[in-house]
Structure formats: structure tokens, C-alpha cells
Amino acid sequence: ILSGLVGSEMCIRDRCLPIQKELIELRKELNVHHFQPGITGLAQVQGIDMSEPLLLAKTEHKMIKEMVRDFAITKIAPVARELDSKEIFPKELVTEMGELGLMGVMVPEKYGGSGLDMTAFTTAIIELGKADASVAITMAAHNSLGIMPLLLFGSEEQKKSYLPQLASGKTLGAFGLTEPDAGSDAGSTKTKAVRNGDEYIVNGGKIFITNAGEAGVLSFTSQVIEDENSLGIGAFIIPTGTPGLEIGKKEKKMGWKASDTRQIYFKDMRIPSLSLIHISEPTRPERIGYGGVFVEKKRGGGGGGGGGGGG
């Protein structure tokens with residue numbers, strides 16, 4: 001899992017070595033060894049090592065922290081102000097995070113991911129966030145909202161189809177849950193997917209969807225209707241080029257301006273029935289949100305539904 005050691009430095013995957021070497025050279029040029037990013041993302045040179053929290057018990061967690069901290073200071077901090085003021089999505093940084101293995105932190109290696117744990121993931125988010133919150137949320141939403149529904153519930157065929165491109169960072173992921181009257185109260189979802197033979201016809205919309213305008217893959221929640229009966233709230237996965245999916249304009253926000261946030265619309269969107277990842281029980285998603293169903297699944301409750309059950 002952890003490969004490509006260069007001195008005291010670490011690469012999650014071999015392919016990140018050129019970038020990591022560049023970071024090392026920048027550190028030598030600056031003649032500094034320890035960084036403490038401030039809220040603005042500017043580095044303060046420290047003469048002693050920072051104390052590590054007890055949470056970072058494993059060597060790989062500490063090494064990931066060091067690697068991501070270097071990346072945040074040398075790559076993100078110098079451009080953070082411009083990205084925010086001009087509302088520029090950080091495409092180049094996303095590509096580089098993919099090369100570092102940060103766009104598939106918890107994805108198993110067999111699907112092209114880094115195969116690490118939640119502590120590694122949150123450690124990386126914290127270090128990215130010290131330099132720029134927009135970059136951090138782009139990476140965090142992709143890894144969690146964009147990937148986890150597929151990783152936890154997807155069929156093997158779905159995982160093989162989507163996970164490698166998502167884990168590499170070459171394709172960005174997004175997840176559509178929130179609606180004007182639904183979000184944490186997932187049971188109030190108005191979007192409907194009506195079964196029609198081997199297809200579902202989807203109508204409705206979502207708001208405040210992170211990465212929507214830049215994503216190549218979208219997962220979303222919807223009522224699942226068959227024979228005029230609701231089977232519960234389902235999760236589907238589709239390419240963003242699917243006819244009938246419309247992406248709204250980028251939202252104007254008070255902060256996190258480099259992050260892409262948009263409204264999306266489903267207008268008689270026809271998708272294969274195999275796009276279904278999972279259906280929750282009709283009585284379970286009330287008030288706890290679809291994320292709570294994910295937790296239940298991990299604990300051993302609930303089953304997959306339709307063409308995409310299990311995982």
C-alpha cells in the first residue's frame with residue numbers, strides 16, 4: 001500500500017514519485033524542514049517538529065500528514081487566493097492529488113485506490129483545509145459522497161466500471177441528495193425514478209451539489225416506483241453525459257468560491273435498470289438521511305436492491 005519512500009518522504013502510490021521529488025527540492029530550496037500552515041494557508045517556519053495527536057498512531061498516518069502538508073504548502077497555498085477571488089475550479093490540483101493517490105484514499109488497491117483507512121482520509125482533509133477549504137471539500141466530497149455509495153453498495157460490475165477512473169482522479173464524482181424539501185430528511189425526497197421495462201425514467205432535481213459541474217460520474221437518490229408503488233429511496237449511478245440530465249450554472253457563494261456547487265435537473269432522463277445501486281427500506285430513511293443507511297449497511301443490516309445490490 002505504502003510505496004516509493006524517498007528519504008523521510010512518502011508516496012501513497014509509485015506514480016506520485018515525480019511530484020514528491022519536486023516537493024522535496026522545493027523544501028531544500030527554501031531551507032526549511034517543518035511547516036505549520038495558518039488559517040490563511042501561509043507557512044510559518046518551525047525549528048522543531050510539531051507534536052503529533054494520539055489519533056495518528058500508525059506510521060503511515062504520520063507520513064501521509066507530512067506528504068499532504070508539503071503538497072498543501074508548496075502547491076495549494078501559493079494559488080489559493082487567486083482561485084478563491086476568481087472562482088476558479090482547481091483542476092490542475094485535482095489531477096496532482098490523483099497522482100498522489102488522494103482521490104481514492106479508501107478505495108481498495110484492486111480497483112486502483114490507495115487502500116487506506118478513515119484516519120488517513122481525515123488526516124489528508126485537515127492538511128488540505130489548512131491551505132484552502134475549496135480544494136479540501138472537492139477532494140472530500142469526491143472520496144466520500146462520490147465514491148462511498150458505490151463502494152459500499154455497488155455490484156462488482158459497477159465497481160469495476162467506475163472505481164478505477166474515480167480513484168485515479170481522472171474522473172470526478174458527485175452525489176445528489178439535497179432537494180428544496182429534502183436532505184437529512186431523505187424520506188421527503190421528491191425526485192422519482194419510475195420503472196419502465198429495463199429502464200427507469202427519472203424526473204426531479206437536486207440543489208447545492210458539490211462537484212456537479214466538473215464530475216464525470218453522478219450518484220443520486222430518488223424514490224423508486226414500480227407498478228405505481230414506491231419501493232423506497234434508491235441510489236443510482238450514471239455518467240454525467242446522460243441525456244435528460246441538466247447541470248445548472250455555478251452558484252455564487254460567500255466562501256469556498258473555488259469549489260463547484262450547482263443545481264441539477266432530471267427531465268425524463270432514461271437510465272438502465274442496472275444503474276440502481278441500492279434501495280433502502282421505505283420506513284428507514286426518515287430524518288436520518290441516506291448516510292445513516294450506509295452506516296446500517298456496514299453494521300450488517302439491510303440488503304442491496306435491484307441490479308446493484310450488495311457490496
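Note that the numbering runs from 1 along the sequence shown for the chain. For the numbers below, each heavy atom of this structure counts, side chains included, while hydrogens, waters and symmetry mates do not.
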- Heavy-atom distance under 4.5 Å between the side chains of Met106 and Leu116, does that happen here? no

Side chains of Trp256 and Ile137: closer than 4.5 Å at any heavy-atom pair? yes

| field | Side chains of Lys257 and Ser85, donor plus acceptor under 3.5 Å | value | no

Check your understanding: Do you see a donor-acceptor pair shorter than 3.5 Å between the side chains of Glu179 and Thr189?
Key -> no

Query - Contact check, side chains of Lys192 and Ile201, non-hydrogen atoms, under 4.5 Å - result: no

With sequence neighbours left out, the residues meeting side chain to side chain donor-acceptor pair (under 3.5 Å) with Ser134 are none

- Does NZ in Lys190 sit with more than 12 non-hydrogen atoms of other residues, nucleotides or ligands closer than 6.0 Å? yes

Residues passing the side-chain contact (heavy atoms from CB on, under 4.5 Å) test with Met269, sequence neighbours excluded, are Val202, Phe220, Ile238, Thr242, Leu245, Phe266, Ile271

pair Ile237-Tyr162: side-chain heavy atoms closer than 4.5 Å:
yes

Heavy atoms of His61 and Thr123 approach each other most closely as O-CG2, 4.1 Å

Between Ser114 and Gly101 the two heavy atoms that sit nearest each other are OG-O, 2.8 Å

Do the non-hydrogen side-chain atoms of Thr138 and Val94 ever get within less than 4.5 Å of each other?
yes

Margin query: Looking at Asp268 and Gly244, would you say the former's side chain and the latter's main chain have a donor-acceptor pair under 3.5 Å?
Written below: no

Per side chain to side chain contact (heavy atoms under 4.5 Å, CB included), Ser259 is matched among Thr210, Asp132, Asp84 by Thr210

Residues at least two apart in sequence or cross-chain that pass side chain to side chain donor-acceptor pair (under 3.5 Å) with Glu226, listed by chain then number, are Arg195, Tyr200

Residues at least two apart in sequence or cross-chain that pass side chain to side chain donor-acceptor pair (under 3.5 Å) with Gln223, listed by chain then number, are none

field: Side chains of Thr240 and Val217 in contact at under 4.5 Å (non-hydrogen atoms)
entry: no

Please walk me through it: do Thr221 and Lys206 pass side chain to side chain donor-acceptor pair (under 3.5 Å)? CA-CA 9 Å; Thr221 56; Lys206 306 290 181 178; 3.1 Å; yes

Minimal heavy-atom distance between Gly213 and Ile247, with the atoms involved, is CA-CG2, 4.0 Å

Separation between NE2 (His142) and CG (Leu102), nearest 0.5 Å, reads 10.0 Å

Within a strict 4.5 Å, meaning less than it, do heavy atoms of the Leu166 and Val107 side chains meet?
no

- Message: Within a 6.0 Å radius of atom NZ on Lys250, are there more than 12 heavy atoms belonging to other residues, nucleotides or ligands?
- Response: yes

Ser222 and Phe236 have their tightest heavy-atom pair at CB-CE1, 4.1 Å

Determine, stepwise, if the pair Val224 / Ile233 fulfils side-chain contact (heavy atoms from CB on, under 4.5 Å). CA-CA 6 Å; Val224 179; Ile233 304 298; over 6 Å; no

query = Is any side-chain heavy atom of Glu92 closer than 4.5 Å to a side-chain heavy atom of Thr95?
reply = no

Is Lys252 paired with Glu87 through a side-chain N to carboxylate O contact shorter than 4.0 Å?
yes

Contacts of Glu214 meeting side-chain contact (heavy atoms from CB on, under 4.5 Å) (sequence neighbours excluded), chain-then-number -> Phe89, Lys91, Leu172, Asp260

With Glu66 as partner, the option from Val68, Asp70, Ile64 fulfilling side chain to side chain contact (heavy atoms under 4.5 Å, CB included) is Asp70

(Q) Would Lys75 and Phe71 count as a cation-pi pair here, with the cationic atom under 6.0 angstrom from the ring centre and within 45° of the axis? (A) no

Carboxylate-amine/guanidinium contact Arg262 Glu251, below 4.0 Å: no

Here the pair of heavy atoms bringing Pro164 nearest to Lys160 is CD-O, 3.5 Å

Under a side-chain separation threshold of 4.5 Å, the hydrophobic residues clustered together with Phe208 are Ile207

Ala235 and Leu276 have their tightest heavy-atom pair at O-CD1, 3.5 Å

